[in-house]
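We name chains A, B, ... by the order of the sequence lines, and we start the count at 1 in each one.
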Amino acid sequence: MFELRLVQGSLLKRVIDAIKDLVNDANFDCSSTGFSLQAMDSSHVALVALLLRSEGFEHFRCDRTFSMGMSIANMAKMLKCASNDDIITIKADDGTDTVTFMFESPSQDKISDIEMKLMDIDSDHLGIPDAEYEAIVRMPSTEFGSICTSLSTIGDTVTIAVSKQGVTFSTKGDIGSGNITCRQNSSTEKPEEATIIEMKEPVVLTFALKYITTFTKATSLSSQVTISLSSDMPVVVEYKIAEMGHIRYYLAPKIEE
Amino acid sequence: QQKQQVISRFFAPK
């Protein structure tokens, strides 16, 4: 038996919104550690890893480790039936091919029971080694989102260059080119507005903007984003989910042919 | 011309 209860139901809605444009179907892994997912986009260029730790839920019961295959698009449709302030309970029994979502209004005067069919999904987990990154940039997530949106109106790729001067995001397209530099700014009184750059080596990497822009759908989950870069390695774009875990996106870089 | 790499080039199946 598996049952989890999340008082802040809007969080699950935001998590699914942050995944649904990247992944069609995915196995959610349930264990005593929590509720997690690892999935690639259909072209295997990007990977998303979600972790929601059991301690972050008001109630979490998972008798044995198992996976639930779900269509993310269908899950998003089901979660549309929940209001933002609803409490969400997810339940599944051993051996059944359905999952139940229960949405309770805070005053308990409305309860919705939604049943969704599970799917068999064949997917391998990839081993992601713990790596030391050459450069780590922490910046406001809204700032990163607006940079990606702005640059994607000009070009299809973004080159991220980290140096002592700061982090520069640049693009080039048919109509012209643009670059935006953010300098370290840790003196601000509000930590969520800080930009902090930890650099061991200067790094320059180029990525497809369409994927990076999809990652920024997670902006509402965290006020800060962490971008970790090493030469010839996938970038990691991480949004922490307060008291619960994180959503991490990995994107393979482009190389000169 | 730039070539897009895939994730499996970096991370192997567990």
With a sphere of 6.0 Å drawn around [atom1] of [X], does it hold more than 12 non-hydrogen atoms of other residues, nucleotides or ligands?
X	atom1	answer
A:Asn74	CG	yes
A:Lys217	NZ	no
A:Lys210	NZ	no

pair B:Phe10-A:Pro253: side-chain heavy atoms closer than 4.5 Å: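 In contact.
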A:Ser43 versus chain B, the contacting section by heavy-atom distance below 4.5 Å: backbone
Heavy-atom proximity to chain B below 4.5 Å, by part of A:Asp41: neither
B:Ile7 to A:Leu47 - nearest heavy-atom pair and separation: CG2-CD1, 4.1 Å
Spacing of CD1 belonging to A:Ile255 relative to CD belonging to B:Gln4, to within rounding of 0.5 Å: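 Interatomic distance, A:Ile255 CD1 to B:Gln4 CD, rounded to 0.5 Å: 9.5 Å.
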Euclidean distance, A:Glu257 CD relative to B:Gln2 CD, rounded to 0.5 Å: 9.5 Å
Residue part contacting chain A, namely of B:Phe11, when any heavy atom lies under 4.5 Å: both
Verdict with reasoning, A:Asp232 to B:Gln5, per side chain to side chain contact (heavy atoms under 4.5 Å, CB included): CA-CA 10 Å; A:Asp232 195 32; B:Gln5 302 182 92; 3.7 Å; yes
